[in-house]
Asks: 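Pasting a structure below so you can have a look.
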Amino acid sequence: MKAIILVGGEGLRLRPLTCNVPKPMVPVANKPFLEHMLDNLKRHHIDEAILAICYLPDRIQRHFEDGSGFGLSLTYAVEETPLGTGGAVKNAEQLLDDTFVVFNGDIFSDLDLTDMIAFHREHKAKATIALTPVEDPTAYGVVETDSQSRVKAFIEKPSRETVTTNLINAGTYVLEPEVLSLIPSGVHHMLERGLFPDLVERGIPFFGYRSNAYWIDIGVPQDYLRLHHDILMGKAIARFPGKSIADDIWREDGCDIHPSAKIIGPVVIGRDCSIGEDARVAGPAVLGAGCIIGQGCTIDEAILWQNVKLGAGVTVRSSVIGNNSAVGDNTWVSDGSILSDDTVVGSDNRLEHGIRLWPGSTIGDNSVSF
Ligand code: GTP
């Protein structure tokens, strides 16, 4: 069976992390997010996938090529301009000749695909949508089903007074190729607002598959941090690079960790990192390859991408720092702050309260308290 993964969106809500990097290439525990999705496909013996790409397509194609380095076969359906979730699937129509699975490319889930596909077949469905329960469905697309699991209605972001179910669209669908005839060619079309309501209206067999498996959409920075927390705490299952060197500490080769440094797991340390005297790294935390952590730094629940350089006495807490960034002595970065790639922050600054620095930003010494 083939999968099509929708990875053409701009990921605007995840900016500035997605200014230089498309959302599927954003690192999660030191490997691109999309690699984690491909791991899940392989677990369910799906070894052919089409990547529907549009935003920064080269970054994705150059990394994955034909997929052989990742244990599956990959082809690409490229959009010149974004065609939306439905238009992107339509754009790959000539590659789809049998039942296929569609994934939103920003969902991390342990969904049991094998069981979902069996459910689709048992119900002789033309379309099946995965549903996941959430505490507050008002921010999502809610899906109402009847007692036979047949989809009755789609309601986008219902108000608290009108909401009737906590089951939302989990961004994974099993479809028969014939439903593609209902999507117009070459125009922007959203499955959620176009094809799916159309299937309900026409009475075409369309079912909801309810799953309580782990599920998260990494659309916004808080959820990107939450996914790391859940993977490192063992709530979400993922493979990531590094050998286990102690309880809940994984490290790749070439690292230089000062004997007085304290590492309190769960922590993932990429290759060639250096951690200075009396530094403290407390998990859940991830250091990307080539990070240099100065003397007396404190890193707590933070995600550092590659080649991040921290001076002496820097604190980074519940925040993300992008590739090739440098932070000067005694600067404090906390509370969901996001420093994108190539930022340079001088010494003695305080960056808090979810401040976001765009790629290449420069801040002098002792000049920001936010
Ligand atoms: P925001 O800009 O933050 O809304 O993010 P997004 O557009 O990247 O993601 P959204 O949650 O809106 O879309 C869900 C999934 O569909 C993501 O994996 C997107 O990459 C993908 N997607 C959205 N629009 C398109 C499109 O026009 N073409 C393709 N190929 N994929 C799309």
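In listed order, ligands and their atoms are each counted from 1.
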Asks: Might you work through the side chain to side chain donor-acceptor pair (under 3.5 Å) test for His258 and Gln295, ending with a clear yes or no?
Replies: CA-CA 9 Å; His258 194 279; Gln295 184 185 351; over 6 Å; no
Asks: Indicate yes or no: at least one non-hydrogen side-chain atom of Pro22 is less than 4.5 angstrom from one of Ile60.
Replies: yes
Asks: Would you kindly say whether Gln148 and His123 are connected by a side-chain donor-acceptor distance under 3.5 Å?
Replies: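 There is no such pair (donor and acceptor under 3.5 Å, judged by atom type) between the side chains of Gln148 and His123.
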Asks: Name the residues with a heavy atom less than 4.0 Å from ligand 1?
Replies: Leu6, Val7, Gly8, Gly9, Glu10, Gly11, Leu12, Arg13, Lys23, Ala52, Glu79, Pro82, Leu83, Gly84, Thr85, Ala88, Asn104, Gly105, Asp106
Asks: Quick one: side chains of residues 267-286, donor-acceptor pairs under 3.5 Å with protein atoms, not counting sequence neighbours, listed by atom name and distance.
Replies:
unit_1	atom_1	unit_2	atom_2	d
Asp278	OD1	Ser260	OG	3.4

Asks: For a 4.5 angstrom cut-off between non-hydrogen side-chain atoms, does Phe196 reach Val143?
Replies: no
Asks: If the threshold is 4.0 Å, N to carboxylate O, is there a salt bridge linking Arg13 and Asp223?
Replies: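 Not counted as a salt bridge, because no side-chain N and carboxylate O are separated by less than 4.0 Å.
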